[in-house]
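All heavy atoms count here, side chains included; hydrogens, waters and symmetry mates do not. As the structure is a prediction and not an experimental result, all values here were calculated from the model.
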Amino acid sequence: MAAGSAEVPQEMMEVDKRIESEESGDEEGKKQAVRLVTDLSQQSLRDEQNGENSTEEAETPVDMETISLDPEAEDVDLNHFRIGKIEGFEVLKKVKTLCLRQNLIKRIENLEQLQTLRELDLYDNQIRKIENLESLVELEILDLSFNVLRHIEGLDQFSQLKKLFLVNNKISKIENLSNLQMLQMLELGSNRIRVIENIDSLTNLDSLFLGRNKITKLQNLDALTNLTVLSIQNKLTMLDIAANRIKKIENVSHLTELQEFWMNDNLVESWSDLDELKGAKNLETVYLERNPLQKDPQYRRKIVLALPTVRQIDATFVRF
């Protein structure tokens, strides 16, 4: 662990109390079952305006010469040190984890010699572009959350990357991820994404976070056969989770804008599960065929009683 010199204020050493959604994601992932995680951790997200209009003008970047680095250190944590530029880190010959959270960094640079690096944390800085990371081919975890990125780029060389965090940026499109075939967790919450796309090659992905975006349709997930954790946002109008092995409808009660719910060919057997959909006042289409529920002689009648706004059950319209 690298330590700052006496000139660095003690309060800069305080631990960041915000909890990133990675924690909830990992915990859910351990359950080894397909389910929906309905929201990003509230504690992990701050107001976007505070992110963009931070106190960068009021803070003076620290001179890196005032910070001592241990050349033998494997884990280096310089959280909230007011670092304005990445420089002087070439002395770290054995570093595996480099944490530069909550600093004043505007550009990714001068990391070429850190080829032993496995985890790079640049959460909460002022970075506008993913660049100059070509040499870090062994990287497994990259966190660029709470920056001002507009594009996903510069990641082609990360064939070993397992976790990528891009929370709370200005990203409008999912792109340039096709080479990340070892990726297990992708966190894209609180961006400007409208369409789920370009993730077919991420077949090892087990956790996908898309909350607080502008997505209205759940689509293009068929290739993600290992997906066990999915976080979506409350403006979704169509939810299609057909043909899985889901036993229970849960964690969707907040999807009040749902118009279509496709959950055919699953293992749902309890009628009380439909209570999760009662908040969707505009729900018109429900597919539940080929679930154990369908064996009930009153199958259609019970759906209508539970969800009176529904106009189509499976492929057949409701008659009144």
S.K.: For Asn168 and Ser145, which I'm curious about, is there any donor-acceptor pair between the side chains at under 3.5 Å?
M.R.: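 No, no side-chain donor-acceptor contact under 3.5 Å.
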
S.K.: With the side chain counted from C-beta on, respond yes when Leu164 and Phe158 share a heavy-atom pair under 4.5 Å apart, and no when they do not.
M.R.: no

S.K.: Keeping Asn282 on the side-chain end and Glu257 on the backbone end, is there a donor-acceptor pair under 3.5 Å?
M.R.: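 No.
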
S.K.: What residues form a side-chain hydrogen bond (donor to acceptor under 3.5 Å, both in side chains) with Glu131, not counting sequence neighbours?
M.R.: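 Once residues adjacent in sequence are excluded, the partners of Glu131 under the side-chain hydrogen bond (donor to acceptor under 3.5 Å, both in side chains) criterion are Arg107.
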
S.K.: Any heavy-atom pair between the side chains of Leu92 and Gln113 that's under 4.5 Å?
M.R.: no

S.K.: Who passes side-chain contact (heavy atoms from CB on, under 4.5 Å) against Glu175, sequence neighbours left out?
M.R.: His151, Ile152, Lys173, Asn198

S.K.: Quick check against the 3.5 Å criterion: does Asn191 have a side-chain atom that pairs as donor or acceptor with the backbone of Asn169?
M.R.: yes

S.K.: Any non-hydrogen side-chain atom of Phe209 less than 4.5 Å from a side-chain atom of Val229?
M.R.: yes

S.K.: Taking Asn147 for the side chain and Ile130 for the main chain, is one N or O donor matched with an acceptor at less than 3.5 Å?
M.R.: no

S.K.: Is it the case that the side chain of Asn266 and the backbone of Val268 share a donor-acceptor pair, with hydrogens and angles ignored and the cut-off at 3.5 Å?
M.R.: no

S.K.: Taking atom CD of Glu269 as the centre, does the number of heavy atoms from other residues, nucleotides or ligands within less than 6.0 Å exceed 12?
M.R.: no

S.K.: Taking side-chain contact (heavy atoms from CB on, under 4.5 Å) as the definition, give me every residue that meets it alongside Val91, ordered by chain and number, with sequence neighbours left out.
M.R.: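 side-chain contact (heavy atoms from CB on, under 4.5 Å) list for Val91, sorted by chain: Leu69.
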
S.K.: Any non-hydrogen side-chain atom of Lys129 less than 4.5 Å from a side-chain atom of Glu153?
M.R.: yes

S.K.: Once side-chain hydrogen bond (donor to acceptor under 3.5 Å, both in side chains) is applied, do any residues pair with Ser272, and if so which ones, sequence neighbours excluded?
M.R.: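 Ser272 satisfies side-chain hydrogen bond (donor to acceptor under 3.5 Å, both in side chains) with Ser270 only.
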
S.K.: In chain order, what residues pass the side-chain contact (heavy atoms from CB on, under 4.5 Å) check against Asp156, with sequence neighbours excluded?
M.R.: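 Asn179.
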
S.K.: Is there a donor-acceptor contact under 3.5 Å from the side chain of Asp222 to the main chain of Asn220?
M.R.: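 Not confirmed, Asp222 side chain does not pair with Asn220 backbone.
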
S.K.: Sequence neighbours excluded, which residues qualify as side-chain hydrogen bond (donor to acceptor under 3.5 Å, both in side chains) partners of Gln312?
M.R.: Tyr287

S.K.: Is there a path of hydrophobic side-chain contacts, each under 4.5 Å between heavy atoms, that joins Trp262 and Ile215?
M.R.: no

S.K.: Can you name the residues that form a salt bridge (Lys or Arg N to Asp or Glu O under 4.0 Å) with Asp200, not counting sequence neighbours?
M.R.: none

S.K.: Report the residues that fulfil salt bridge (Lys or Arg N to Asp or Glu O under 4.0 Å) with Asp314, sequence neighbours left out, ordered by chain and then residue number.
M.R.: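 If we apply the salt bridge (Lys or Arg N to Asp or Glu O under 4.0 Å) test to Asp314, skipping adjacent residues, there are no hits.
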
S.K.: If the test is side chain to side chain contact (heavy atoms under 4.5 Å, CB included), which one of Ile249, Leu274, Leu307, Leu255 qualifies with Phe261?
M.R.: Ile249

S.K.: Under the salt bridge (Lys or Arg N to Asp or Glu O under 4.0 Å) rule, collect the residues that match up with Lys94, sequence neighbours excluded.
M.R.: Glu72

S.K.: So does His80 get a backbone contact from the side chain of Asp124, meaning a donor-acceptor N/O pair under 3.5 Å?
M.R.: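 Answer holds: no.
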
S.K.: Any donor-acceptor pair under 3.5 Å linking the side chain of Asn213 with the backbone of Arg192?
M.R.: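 Between the backbone of Arg192 and the side chain of Asn213 there is a qualifying donor-acceptor contact (under 3.5 Å).
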
S.K.: Only counting residues at least two apart or in another chain, list the ones meeting side-chain contact (heavy atoms from CB on, under 4.5 Å) with Leu221.
M.R.: Ile196, Ile199, Leu208, Leu218, Leu224, Leu230

S.K.: Distance-only, no hydrogens or angles: does the Asp275 side chain make a donor-acceptor pair with backbone N or O of Asp273 under 3.5 Å?
M.R.: no

S.K.: With sequence neighbours excluded, tell me which residues meet salt bridge (Lys or Arg N to Asp or Glu O under 4.0 Å) with Asp265.
M.R.: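 Arg290.
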
S.K.: Any heavy-atom pair between the side chains of Glu109 and Glu87 that's under 4.5 Å?
M.R.: no

S.K.: Apply side-chain hydrogen bond (donor to acceptor under 3.5 Å, both in side chains) to Lys302 and list each qualifying residue two or more places apart in sequence or on a separate chain.
M.R.: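 Checked Lys302 against side-chain hydrogen bond (donor to acceptor under 3.5 Å, both in side chains); matches are Asp296.
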
S.K.: Please tell me if the side chains of Leu293 and Trp271 come closer than 4.5 Å, counting only heavy atoms from C-beta onward.
M.R.: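 Yes, their side chains come closer than 4.5 Å.
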
